[in-house]
Amino acid sequence: MSRIGVFICHCGENIGRTVDCVRVAHNLENVPGVVHSIDYKYMCSDPGQALIKQAIRELQLDGVVVGACSPHMHEKTFRKAAAAAGLNPYLCEMANLREHCSWIHEDRERATDKAIGLARFMVEKIKYNRPLATIRIPVERRALVIGGGIAGIQAALDIADGGREVILVEKEPSIGGHMSQLSETFPTLDCSQCILTPRMVEVAQHPNIQLLAYSEVESVEGYIGNFQVKIRRKARSVDEIKCNGCGECQKNCPNQKIPGEFDRGLGMRTAIYVPFPQAVPNIPVIDRAKCAFYRGKAKGVKKAVCGKCAEVCGPKAIDFDQQDSFVTEEVGAIVVATGYQLYSIGKAQESETLRGYGEYGYGAIPDVIDGLQFERLASASGPTGGKILRPSDGKEPKTIVFLQCIGSRDRAKGIEYCSKICCMYVAKHAILYHHKVDHGRAIVFYLDIRAGGKGYDEFVRRAIEESHALYLRGRVSRLFRNGDTICVHGVDTLSGEPVAIDADMVVLATAMRAQPDIASLAQKLSISYDRHGFLNEAHPKLRPVETNTAGVYLAGACQSPRDIPDSVAMASAAAAKVLGLFSNELLEREPLIARVDQLACTGCFHCERVCPYGAIERKQLKDGKGRVIKIVAEVNQGVCQGCGTCQATCPSKSVELEGFTDEQVYAAVNAL
Amino acid sequence: MRLGYFPGCSLHGTAREYEESLKAVAAALHIELEEIRDWACCGATSAHATSRTLGVALPARTLMQAEKQNLDRIFAPCAACYNRLASAQHALAHDATMASQIRSILDYSPKTSVSIINIAQLLSAQAGEIQKNSKAPLNGLKIACYYGCLLVRPPEVCKFDDPEAPNSLDHIVSATGAAPVAWDMALECCGGGFSLSRTASVVRLSRAILKSARSAGAHALAVACPMCHSNLDFRQQAINKRNRDGEAMPILFLSQLVGLSLGLDPIQLGLHRHFVSPQPLLDRIGMGKLQPERREQV
Amino acid sequence: MQELRDLARRLLRENQVNVILGYECARRGVRPAFITEAADCDRLVFDHRCVHNLAAYLSPRRTHVRALGRPAVVIKACDARAVAGLIRESQIEREETVLIGVRCGGVVLDPADSSPLSSGNIAPRCSACDQREPALFDHLVGEPKGAPAGEASRDARLSEIEAMNPEERLGLWIGLLGRCTRCHACRQICPMCFCERCIADKTQPAWIETSPHSRGNFAWHLTRALHLAGRCVDCGECERACPARIPLGLLSRKAARSVASRYGYVVTDDPAIPTPIGSFQFDDGQEFIA
Amino acid sequence: MASSFEPNIVAFVCNWCTYTGADLAGTSRISMAPNVRIIRLPCTGRIDTLFILKALERGADGIIVSGCHPADCHYTAGNYHARRRFAIFRDLMEFVGIDPHRVTFSWVSASEGGKWAEVVDRTTERVRRLGPFRTYPRLARGAGE
């Protein structure tokens, strides 16, 4: 490269005040290869850009270095200007003379010297820049949504309504997620089922949505626009096509006493079951661990121990021999909406830093329950038909105590973040309790009330003022059984007094935690997660629903604790991103990716080991007669994101990362 | 197995039966206890209540003695002694100012790698052995395991059991054949060192513990701390008399229970030394009479 | 010995392989042998003079050996680690190579040394070796061997250098690496140096100065040691080949010590265990990072 | 060493965290030593130990290598691989007597403009105290040549 133009920007006074831009431009003029070096007040302005374009045309420049602000600010601007003048945009580079020089130094002399040095780096580097062409890859315009809670449902419906096919994968037998377990929703107190169920039905009936319930993502290959997803369809032991959802099998199942997951152990289900009456799809599944048929078989009993469900099934849908099966789908984008799990109180935690809350006796004292169990008690379709009754003796609790922040905001033994929804749902519980129990007394122990949101603080005030919940600011140290009541020992930090309350029931507002198996899913998708297991967005403010793997988007509580409105908003945002991606048949990508020098490559595949994206493929090099000479690495252009870890790892430096090649870095270092 | 042994003051005084039973159990399980030469009082509650430095220096000196004796594991049966030794070690490891202060006092800097274990740690590691060597399993006995304040807390010092829902003692009691009961007061305070200065408080606190154990159906309480033992055992007569709470509840050291299950002689285990006679308990598992003439008054 | 010869003969006769890579007697000591005829199998020997790491001949870059056809190779426990490395790094296919493991009680430092093995002439790495036979093989031959003679204080020198002050260390290495003539014998003989085009030979850009000059020598040997971290099988061939007698093993053993203490990694003959560079743990030590 | 010595320091930084963090230091007008010049790479995973060696050969007195904190890597794992590479390289450097204090490794996130300034100032100050890097010139003259 020999005809380089250097353009030094004053940025008004921003650079010019501390850097002698005239001296910089003069100095660079003398560098071999530079044919043109000028300074100007505002390079990014129209006249400034015109100067660059004019110089490219008139002086046949084959490289442009703009000494101005951060490339994060204006690299695109200047590359576009260069392209407009007929220069390949990747032959234009920026030296950061503002953020990295004039703004952080006072000594004009030394700042100018440094500015010259920074510009020199770029001049030397650009001598080795190559013209690059944007990469275009075709897009498979179908989407995969993982998780059928409210976020997944919303994302699937939005994409499907946008005219694109969606595959919705849900690991449970029915979609609906946690929202289907809730009684009413804050701050409007509309019934959760009433607003959710129609959406679930819509999913089932939408011509663009293929629902794969009781299924899990097994593996994900490929890259944006071109993912191949293998999905495991777990064996239901029921033929989905034959089953008509009549429910006879459940009625006749002899094992009626299994604590139901949907009712959080407060209600019973059968061994063949649909999780709840409004389930979508309304097809039962056999719990093989509890079913007498399978238990007998596992014990080696030759004759079938039970087969009641198969006997009563009209359409003969029961299939005891059903096996897991696999389907592979081609999709162009993936929305992850896998939701959350509740903090398991008093139980051994999988992480050593979390210790649980043995002092609250959850699991030992039957009338200590968690928030989701309270939801089931309060739900009209729940085990008590919506009556608040104690699990121990079925009596109505006249005094109920709610403890907030169980697990949340507790660095000593829980997790430090705020779970965000608990303040609101505890207020809701207090209001529901007030509606349902005459002369009941609700007491809430809280640390702070966090009720930011439309109508949220008003809602908490309503719990206090209209439902007469007594809010005490403080922690509870321990719960004791005292006859058939529970003695709550705590402290009211506002009065400074210790408090002891005889309660009939205690509800723990437990933290929202990331799903337990998130690491394996994140690995399959090559996306990252924080130390709590919540999936990382690409940028906390500006790219909240994207991930660092192009084509993978996030919705709902898998990214951080979220309530329903937030989850739905996020899901619609993710759907908009997917539809935006699908609006083009071809996808354009920056060409700053790795390429392998296949002559020098030895095929040791260290690059393959370190590549975070699985972008390295193996390719056979053959001679004229078709014999394999050697197997070398090849970079999949669609998958490579351009981190360059392969290049630094390659012992013989047979990989080059475009835009940051060894020659470019070497040249810059040599300019020291 | 060879272990450094720190008896502490109580085991040579008010809690002689704790030491007697420990030594008998240790011998039966082939554990060699080597007493630390010239050990000093751990400082108990008084030292660190008056001076934090003294509260660290006293146990640090004992750690130094143990180190000189090449002991890399120290067994401190008394929960309070254990707590003081472990806390001192924690301070030496994490508080540089304190560590340098102690260095200048002792003219020595104790290593912080010596491991300090309490009776729960020792015996729960031996649970398999206890079960295997059990000659008289305590089937049918219901025991309330009492951890008190100091055995598993604070968590950053003790680090071996859940500080709010511990189960190590229950684990050991299960190994003896007895059944640990689920109860609420396993971690509550008995009144500790206020036994003499604020007796009324001690009586109130200890009574709540006994009541809770009784209502959970326990036949006896198992403890790991001489101070707790003295409050629950010695004060029980007064408590029961004043409140008519019910039958007396024998308070046994954990090592005594283990000893009984190993078939050791109740007298050798010091069972005759308690104020509340464990005789009803022995009757329940079909053991002989404690010899009344050998009963000594403390 | 007869067992080895019989096996080799059978492998060739049954056309299981086309060439046996083994050892034969030479004028001074032993040397590598490439036997393609069953009749020549009686030339094969294996004893304490067989120091060469024959795995080096398996590298696809040795086209003259490749041309002989499908090989069977005689490997000691240390050589097996190199074979595992070649499999791990996709240089050879496990099924395409027949591995004749030999039981070994240590070898001498100098293959020309024909005196019996003693603590005086044993290769230091053998004194510290506790592996009498490879775990990776198709056939295993030879009598069981006892532990080799000599002090197992292999790394004393390493620790000694670590204990020096930086100036002394620098002086030491300037002295040692200053002798390097960049003949690259260390690289040529190394079973794990199999790059098609070595970084030291790359000129665009020339990261490593090519002239035999201490500054480039530092870059070369540091880079080589880094490339061998977690890969060097400690066969000692580089030191044996070095005409300037530079104790190069010190550098690769320092790298080995580094990966062992930091990541608990020790080179094995299990090809399934990944190398430490190229894998990671989330909680890898980072005491040196601010 | 003369106190007027101004060291020449090169920083190899990743584009997403440290480069952006340094931009933030600029927008926040945090003043720092002008001795450090940044070379931008996409990721610490791309930063080769050869860069360090070459920079030292070319007259740098100190080096900074900086990127995203663990778990924050834009490319999910580049920094983990870099961490191992640099750990072993640093051990080797130290072993042959090159002062590891000439090379600062750090994690500076996009939000840590202040930390970046600290890293720059601390490294400059430390290298200034160590004096010019004469090891290599000495090698070129060469005790053993």
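Throughout, protein chains are lettered first and strands after them, A, B, ... in sequence-line order, and every chain is numbered starting at 1. As the structure is a computational prediction, the values presented were derived from the model and not from experiment. The analysis underlying the following values was restricted to heavy atoms, covering all of them including side chains, and did not include hydrogens, waters or symmetry mates.
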Notebook entry, point to check: Heavy-atom distance under 4.5 Å to chain D: side chain of C/Ala256, backbone, both or neither?
Noted result: neither
Margin query: Quick one, C/Ile199 and D/Leu50 - any side-chain contact, counting heavy atoms below 4.5 Å?
Written below: yes
Item checked: Which portion of C/Leu251 sits near chain D, non-hydrogen atoms under 4.5 angstrom -> both
Item checked: By salt bridge (Lys or Arg N to Asp or Glu O under 4.0 Å) - contacts of C/Arg182 (at least two apart) -> none
Item checked: Residues of residues 79-102 of chain D near chain C, each having a heavy atom less than 4.5 Å away -> D/Tyr80, D/His81, D/Arg83, D/Arg84, D/Arg85, D/Phe86, D/Ala87, D/Ile88, D/Phe89, D/Arg90, D/Asp91, D/Leu92, D/Met93, D/Glu94, D/Phe95, D/Val96, D/Gly97, D/Ile98
Note to self: Quick check on C/Glu168 against chain D: is it the side chain, the backbone, both or neither that has a heavy atom closer than 4.5 Å?
What the structure shows: neither
Checklist line | Over 12 foreign heavy atoms within 6.0 Å of CD, C/Glu162 | finding: yes
Next item on the list: Specify whether C/Phe288 and D/Phe105 have parallel, tilted or perpendicular ring planes, treating 30° as the upper limit for parallel and 60° as the lower limit for perpendicular.
Entry: perpendicular
Notebook entry, point to check: What's the spacing between D/Leu56 CG and C/Arg215 CZ if we round to 0.5 Å?
Noted result: 11.0 Å
Notebook entry, point to check: Can you say whether C/Pro276 sits under 4.5 Å from chain D via the side chain, the backbone, both, or neither, judging by heavy atoms?
Noted result: both
Checklist line | Heavy-atom pair count under 4.5 Å with chain D, highest-scoring of C/Gly216, C/Ser279, C/Cys180, C/Ala219 | finding: C/Ser279
Item checked: Within residues 75-82 of chain C, residues adjacent to chain D where the heavy-atom gap is under 4.5 Å -> none
Note to self: For residues 220-235 of chain C, give me every residue with a non-hydrogen atom less than 4.5 Å from any non-hydrogen atom of chain D.
What the structure shows: C/Leu222, C/Thr223, C/Ala225, C/Leu226, C/Ala229
Check: Where on C/Asn217 is there a heavy atom nearer than 4.5 Å to chain D: the side chain, the backbone, both, or neither?
Finding: neither
